[in-house]
Every structure is written in C-alpha cells, then in structure tokens.
Amino acid sequence: MIPHYHINVFWSEEDGVWIADVPDLKHCSAHGATPHDAIAEGEIAIEEWLASATAHGDTIPAPRYRPAIYA
C-alpha cells in the first residue's frame, strides 16, 4: 500500500504549466496542462520516487506535511 502524500498544485507562469509538488519527498514533482493532469503525473512521480528509494535502500519518509489550513 502506498502512503498518502500531500500534493501541492500551483500554476507556473514561467513554465506555462500546472506544477504538482510533493513536500515530503525531496525533489518529487511533476507537471501537466491542467491541475488534474498535474496531480495524475504527481501520483506517478510518487510511485516512482518510492520505487527508486526502495531499490536503493533509502529511507522512505512518513507523510508529515499538512497545509496551514489544517494545522
């Protein structure tokens, strides 16, 4: 079972795409033409990030990030 990691989604004017960033996983992000596309790509990035960490014996952090609205 894949842990649930929070995904921040925002518009990048510079890149002209929606960005999906995963704060708990260093350097884990993706992008898409719509917010939905960015989230879908972000979910794939999470799976790949976790697979790579597992293959290399790296520590997998527990989901910890909570947006300020929930803090």
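As the structure is a prediction and not an experimental result, all values here were calculated from the model.
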Please work out whether the ring planes of His6 and Tyr65 are parallel, tilted or perpendicular, with thresholds of 30° and 60°.
tilted
Look up atom CD1 in Ile46 and atom CD in Glu41, then write down how far apart they are to the nearest 0.5 Å.
12.0 Å
Could you tell me if the side chain of Val22 sits less than 4.5 Å from the side chain of Ser29, heavy atoms only?
no
When rounded to the nearest 0.5 angstrom, what distance separates CG in Leu50 from CD1 in Ile60?
5.0 Å
So which atom in Ala20 and which in Ala38 form the shortest heavy-atom distance, rounded to 0.1 Å?
CB-O, 3.2 Å
Give a yes or no answer on whether the side chain of Ser52 reaches the backbone of Glu48 with a donor-acceptor pair at less than 3.5 Å.
no
pair His31-Asp37: side-chain heavy atoms closer than 4.5 Å
no
Less than 4.5 Å apart, side chain to side chain, heavy atoms only: is that true for Trp18 and Ile39?
no
If you round to the nearest 0.5 Å, how far is CG of Asp24 from CD1 of Ile7?
11.0 Å
Assess the side chains of Glu47 and Trp49: does a donor N or O sit below 3.5 Å from an acceptor N or O?
no
Let me check something: do Val9 and Trp11 share a hydrophobic cluster, defined by ILVMFWY side-chain heavy atoms less than 4.5 Å apart, either directly or through other members?
yes
